[in-house]
Amino acid sequence: MLALIDGNNFYVSCERIFRPDLRGLPVVVLSNNDGCAIARSDEAKALGIKMGAPWFKIQDLQEEAGLVALSANFELYGDISDRMMSLAAGLGHRQEIYSIDESFVDVTGIPGDLVERSRKIRARILQWTGIPSCIGMGPTKTLAKLANAIAKSAERKPGSYPAHHGQICHLGVQSPQELEDLLQATEVGEVWGVGRKIGAQLREGGIHTALDLQRMDPAAAKSGWSVVLEKTVRELNGVPCIAFDEAPRDKQQIASTRSFGHAVTELRDLEEAITEFVCRAAEKLRRQNSQAGQVLVFIRTSPFRKEAQYSKSAVFPLQAPSNDSSSLTEAALAVLHVIYKRGFKYAKAGVMLMDLQPLSRHQFTLDLEPDEPINNPNRIRLMHALDNVNGRYGRGTLNLASAGTAGEHRLWQMKQQRKTPGYTTRWEGLAEVR
DNA sequence: TCTGGGGTCCTAGGACCC
DNA sequence: TCTGGGGTCCTAGGACCC
């Protein structure tokens with residue numbers, strides 16, 4: 001039996017911990033660059049604000065409805081997430097942290113009333129971190145996710161489900177008839193793994209509810225769509241097909257990409273941005289003790305603007321895998337010089353490190369170059385020092401020269417005009433009590 | 001004026017091999 | 001008239017997730 005614990009409107013709830021004045025108000029958290037809404041309070045949802053709604057299209061609601069918008073403060077959310085996760089882990093014996101606000105917990109064999117136990121954990125999370133959450137339980141991940149969705153709807157949308165499923169919903173203890181009713185009351189698009197496209201195709205084929213999907217022939221799901229949907233069908237029937245992953249696995253690719261605060265036309269500006277992106281990505285790469293075999297760089301104009309469009313990416317296969325910021329930057333800038341075209345207004349760029357492999361693996365080349373910087377102990381120490389300094393004194397304290405200096409005005413720097421302090425992660429962000 | 005970022009997995013099709 | 005069979009590996013693109 002698996003439980004899925006998930007924070008309600010997580011980013012908004014994090015902000016409300018230190019801004020109790022925001023409770024009861026419509027609040028949204030905006031994506032990087034203050035671009036669009038990526039988290040909404042219940043009150044904001046009630047105003048009809050959709051997930052991903054562009055800020056400039058909803059900002060009138062500030063005046064009209066008292067909407068409050070905040071810039072994303074991921075440092076804060078990450079820290080609150082850690083606290084919530086460690087409390088959620090107490091529900092069972094194994095935990096898989098699935099995203100910043102969700103974790104699966106294996107509650108198989110836990111004695112006693114799981115619903116009661118869940119209520120206690122939920123109450124503890126609320127009291128100790130201030131984050132309201134919902135818990136769903138079922139014999140597979142897909143059913144636990146579904147239970148969680150039911151728990152949320154039963155609380156937020158009265159009448160959608162029987163009220164006693166609010167906050168905690170345990171599908172494992174329902175009678176077959178009750179289970180059928182719950183699945184019948186759930187739209188097929190709510191099912192984990194069914195997105196916009198497949199949802200529309202299913203509805204076209206007469207499959208409208210989770211119950212319809214559960215009763216679908218798995219072979220038909222596979223031949224008509226893919227093995228992914230087949231697994232979903234089986235999971236809805238209580239057959240586990242998606243593994244429980246306790247230990248976070250090494251990433252297979254690491255990306256750093258940004259939309260710019262202002263359109264950028266000059267190569268020099270793009271060089272700065274790309275350098276910074278490589279350094280961010282390389283830092284993550286070193287943190288998981290990996291090295292990259294390939295570097296991808298892309299630049300593109302804004303598809304939303306009516307002007308000349310250009311979008312291009314290219315890959316640089318490294319002669320030997322590396323996690324050295326300057327080697328990777330050198331490769332990335334070489335790619336940039338190839339794909340850059342003058343005369344376009346660039347809106348976004350990014351770097352992806354690919355073909356990742358553990359540091360322990362070393363591929364020897366036939367034509368060893370004598371001045372190969374790879375594995376040079378001094379370079380390794382340098383990267384180590386770089387990470388330590390930036391870890392201690394904050395990101396960007398030490399940078400490669402081609403990243404430019406923060407003092408200069410950087411057109412490409414993203415906009416964040418509504419950011420709350422690092423309440424729990426920075427001394428200067430500590431709240432004062434008077 | 002203003003539309004996010006970071007991932008995973010699967011599939012189809014091409015290149016290539018014997 | 002009639003033009004094999006079986007396999008692997010890689011990549012690009014699509015779909016999904018939060």
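First the proteins, then the strands, lettered A, B, ... as listed; each starts at 1.
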Looking at every heavy atom in both [X] and [Y], which two are closest together, and how far apart are they?
| X | Y | answer |
| --- | --- | --- |
| S71(A) | Q417(A) | OG-N, 3.4 Å |
| H208(A) | G206(A) | CD2-O, 3.4 Å |
| W55(A) | D34(A) | CB-O, 3.7 Å |
| K348(A) | S259(A) | CD-OG, 3.8 Å |

Does the distance from a Lys or Arg side-chain N to an Asp or Glu carboxylate O, for [X] and [Y], drop under 4.0 Å?
| X | Y | answer |
| --- | --- | --- |
| E283(A) | R280(A) | no |
| R203(A) | E187(A) | no |
| K152(A) | E190(A) | no |

Exercise. Along nucleotides 8-18 of chain C, 5' to 3', which nucleotides get a B, which get an S, and which get a -, given that the test is a protein heavy-atom distance under 4.0 Å?
Worked result: -------SSSS
What is the distance from [atom1] of [X] to [atom2] of [N], rounded to the nearest Å?
| X | N | atom1 | atom2 | result |
| --- | --- | --- | --- | --- |
| K345(A) | dT3(B) | NZ | P | 13 Å |
| E276(A) | dG5(B) | CD | P | 13 Å |
| H262(A) | dT3(B) | NE2 | P | 11 Å |
| I58(A) | dG4(B) | CD1 | P | 13 Å |

Exercise. For the helix from dG5(B)-dC18(C) to dC18(B)-dG5(C), what is the angle between the axes at its two ends, each from 5 pairs, rounded to 10°?
Worked result: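 Answer rounded to 10°: the end axes differ by 10°.
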Indicate, with a heavy-atom threshold strictly under 4.0 Å, whether [X] touches base, sugar-phosphate, or nothing.
| X | answer |
| --- | --- |
| S256(A) | sugar-phosphate |
| N33(A) | nothing |
| R280(A) | nothing |
| K222(A) | nothing |
| Q253(A) | base |

For this session: Measure from the side-chain heavy atoms of K348(A) and tell me the nearest of dT3(B), dG6(B), dG5(B).
Result: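 Among the listed nucleotides, the one closest to the side chain of K348(A) is dG5(B).
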For this session: By nearest nucleotide on DNA chain B, pick out whichever of C36(A) and R249(A) is the more 5' one.
Result: C36(A)
For this session: Select from A255(A) and K57(A) the residue whose nearest nucleotide in DNA chain B is closer to the 5' end of that strand.
Result: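 It is K57(A) whose nearest nucleotide is closer to the 5' end.
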Exercise. Judged by atom type as modelled, is there a donor-acceptor pair below 3.5 Å linking the side chain of Q416(A) to the main-chain atoms of A72(A)?
Worked result: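 Yes, the answer is positive, given that a donor and an acceptor are paired below the 3.5 Å cut-off.
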For this session: Measure the OG-CD distance between S325(A) and E276(A) for me, rounded to the nearest 0.5 Å.
Result: 11.5 Å
